[in-house]
Asks: 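Below you will find the structure I want to go over with you.
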Amino acid sequence: MLRHINNQKTGAMIDRKEISKIYAPVSNVGQSELIASLERIPAEYFEVTRQIVEYAEVILDTKLKANIYYSLADHLNFAIDRYNSNLTLGNRVFWKMKTYYPTEFQIGVHALSIIKNNLDIELPKEEAANIVFHIINASNSVDNSNVLEVSSLVDNILQTLRVLTHGKIKQEGINYDRFVTHIKFFSERYISGNMLADDPTLLEHVFESYQEASQIGLKLEKTIYTLYEK
């Protein structure tokens, strides 16, 4: 960092009142791109981001990482550009986020209201899932390193079960919600390699009492192995 002071020798102590300019070199390409990107984002988008982040922190009772202020504002900038250009993009993880991260998803829905109230722009509902993704990535209380991998495994399991049960699984109600939660926890353990220890007695009881479901479980096991080879 270079402080520009007239008629001063190198190494001399300088009174802050005499400093007219401070030059900070930006030689790193990433830093240059970040500054250029910040200059493209309207100031009101940062205000909207602040409101969304503060709301999320209250609901989640956690402090989000500071990088969300840039990442989310940057995302809103592109999302609104697409909106103004009548270019809407689908979100393949919309239903995953809505199902597997319900609390965060409601924050995303509320964020759309904040955007509407501040900017008079009504973004499509799919944008709620994109906002959720940024919130999860900025959360200190969630292991978010494999959010999409876990979500994809949950989705693969549920789709396979629909085929194996010929669509007989009722996809609503507290039982289904509880079932999805179990699948989500299983997927997190499976992806991270932290599986629970076997319980032979329980397994034997399940296979005897729920033979049809057990056969479906065995077929599902083969499917998961085929997809992930473990």
Side-chain angles (χ1 to χ4, degrees), residues 34 37-38 41-80 82-83 89-158 171-194 196:
L34 175 60
S37 178
L38 287 171
I41 302 174
E44 56 266 31
Y45 293 4
F46 287 103
E47 170 58 21
V48 169
T49 297
R50 181 190 66 78
Q51 294 183 32
I52 294 173
V53 170
E54 289 185 354
Y55 177 79
E57 289 179 337
V58 170
I59 298 300
L60 297 176
D61 191 25
T62 188
K63 190 73 175 177
L64 298 180
K65 297 174 183 176
N67 64 342
I68 191 175
Y69 287 96
Y70 165 72
S71 65
L72 184 53
D74 185 56
H75 170 75
L76 292 180
N77 187 38
F78 281 107
I80 293 172
R82 292 197 304 267
Y83 173 84
L89 301 178
N91 190 314
R92 295 181 62 185
V93 299
F94 175 83
W95 289 108
K96 297 178 186 178
M97 293 297 187
K98 183 176 181 180
T99 303
Y100 314 140
Y101 300 94
T103 301
E104 289 84 354
F105 185 81
Q106 288 306 313
I107 294 173
V109 172
H110 183 75
L112 297 184
S113 299
I114 292 176
I115 295 169
K116 171 68 174 177
N117 293 336
N118 284 267
L119 305 175
D120 196 26
I121 294 175
E122 191 168 352
L123 294 177
K125 62 182 181 179
E126 286 77 13
E127 282 299 334
N130 289 325
I131 293 172
V132 169
F133 187 70
H134 285 282
I135 291 172
I136 292 174
N137 280 338
S139 175
N140 290 295
S141 60
V142 177
D143 179 10
N144 49 58
S145 59
N146 52 18
V147 169
L148 289 184
E149 193 173 6
V150 169
S151 297
S152 294
L153 175 54
V154 175
D155 193 52
N156 284 330
I157 291 174
L158 293 178
Q171 300 178 42
E172 58 183 20
I174 189 171
N175 288 329
Y176 183 74
D177 292 342
R178 187 181 296 112
F179 174 67
V180 170
T181 298
H182 280 291
I183 297 300
K184 175 188 169 187
F185 287 147
F186 158 77
S187 299
E188 291 174 345
R189 294 194 302 269
Y190 183 81
I191 294 298
S192 63
N194 294 316
L196 300 177

Asks: Given Ile131 and Ile115, is the side chain to side chain contact (heavy atoms under 4.5 Å, CB included) satisfied, shown in steps?
Replies: CA-CA 12 Å; Ile131 293 172; Ile115 295 169; 4.3 Å; yes

Asks: Looking only at heavy atoms, what is the nearest atom pair of His75 and Asn130, with distance?
Replies: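 So the two residues come closest at NE2-CB, 3.4 Å.
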
Asks: Side chains of Tyr176 and Leu158, heavy atoms from C-beta outward: is any pair under 4.5 Å?
Replies: yes

Asks: To check you understand the geometry: which heavy-atom pair defines the closest contact between Phe105 and Ala129, and what is its length?
Replies: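 Closest approach of Phe105 to Ala129: CE1-N, 4.4 Å.
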
Asks: With heavy-atom distances below 4.5 Å as the criterion, would you say the side chains of His110 and Ile114 are in contact?
Replies: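 They are in side-chain contact.
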
Asks: When rounded to the nearest 0.5 angstrom, what is the spacing between CZ in Phe133 and CG in Leu72?
Replies: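 Between Phe133 CZ and Leu72 CG, I get 12.5 Å after rounding to 0.5 Å.
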
Asks: How far does OG of Ser187 sit from CD1 of Ile157, to the nearest 0.5 angstrom?
Replies: 4.0 Å

Asks: What closest approach, in Å, do Ala138 and Asn67 show between heavy atoms, and which atom pair accounts for it?
Replies: CB-OD1, 4.3 Å

Asks: Tell me whether Lys116 at atom NZ has more than 12 heavy atoms from other residues, nucleotides or ligands lying less than 6.0 Å away.
Replies: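 For Lys116, atom NZ is crowded (more than 12 foreign heavy atoms under 6.0 Å).
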
Asks: Supply the atom-to-atom distance Phe186 CZ to Arg189 CZ, rounded to the nearest 0.5 angstrom.
Replies: 7.5 Å

Asks: Just by distance, do the side chain of Asn156 and the backbone of Ser152 share a donor-acceptor pair under 3.5 Å?
Replies: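 Yes, the answer is positive, given that a donor and an acceptor are paired below the 3.5 Å cut-off.
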
Asks: Do Asn118 and Gln51 have side-chain atoms, one donor and one acceptor, less than 3.5 Å apart?
Replies: yes

Asks: Testing the basics here: between Glu57 and Leu64, what is the closest heavy-atom pair and its distance to 0.1 Å?
Replies: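 For Glu57 and Leu64, the tightest heavy-atom pair comes out as OE2-N, 3.0 Å.
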
Asks: Whether the side chain of Asn117 engages the backbone of Ser113 through a donor-acceptor N/O pair (distance < 3.5 Å, no angle test) should be reported.
Replies: yes

Asks: Specify the closest pair of heavy atoms between Tyr69 and Arg50, including all atoms of both residues, with the distance to one decimal.
Replies: CE2-CA, 4.0 Å

Asks: Calculate, to the nearest 0.5 Å, the distance between atoms NZ and CG belonging to Lys184 and Leu153 respectively.
Replies: 13.0 Å

Asks: Should we count CD of Glu122 as having more than 12 external heavy atoms under 6.0 Å?
Replies: no

Asks: Considering the options Leu112, Leu76, Val132, Val109, which one meets the side-chain contact (heavy atoms from CB on, under 4.5 Å) requirement together with Glu127?
Replies: Leu112

Asks: Taking all non-hydrogen atoms of both residues, which atom of Ile135 and which atom of Ile68 are closest, and how far apart?
Replies: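 Closest pair (atom of Ile135, atom of Ile68, distance): CA-CD1, 4.0 Å.
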
Asks: Hey, what do you get for CD1 (Ile52) to OH (Tyr45), rounding to the nearest 0.5 Å?
Replies: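 Rounded to the nearest 0.5 Å, the CD1-OH separation comes out at 12.0 Å.
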
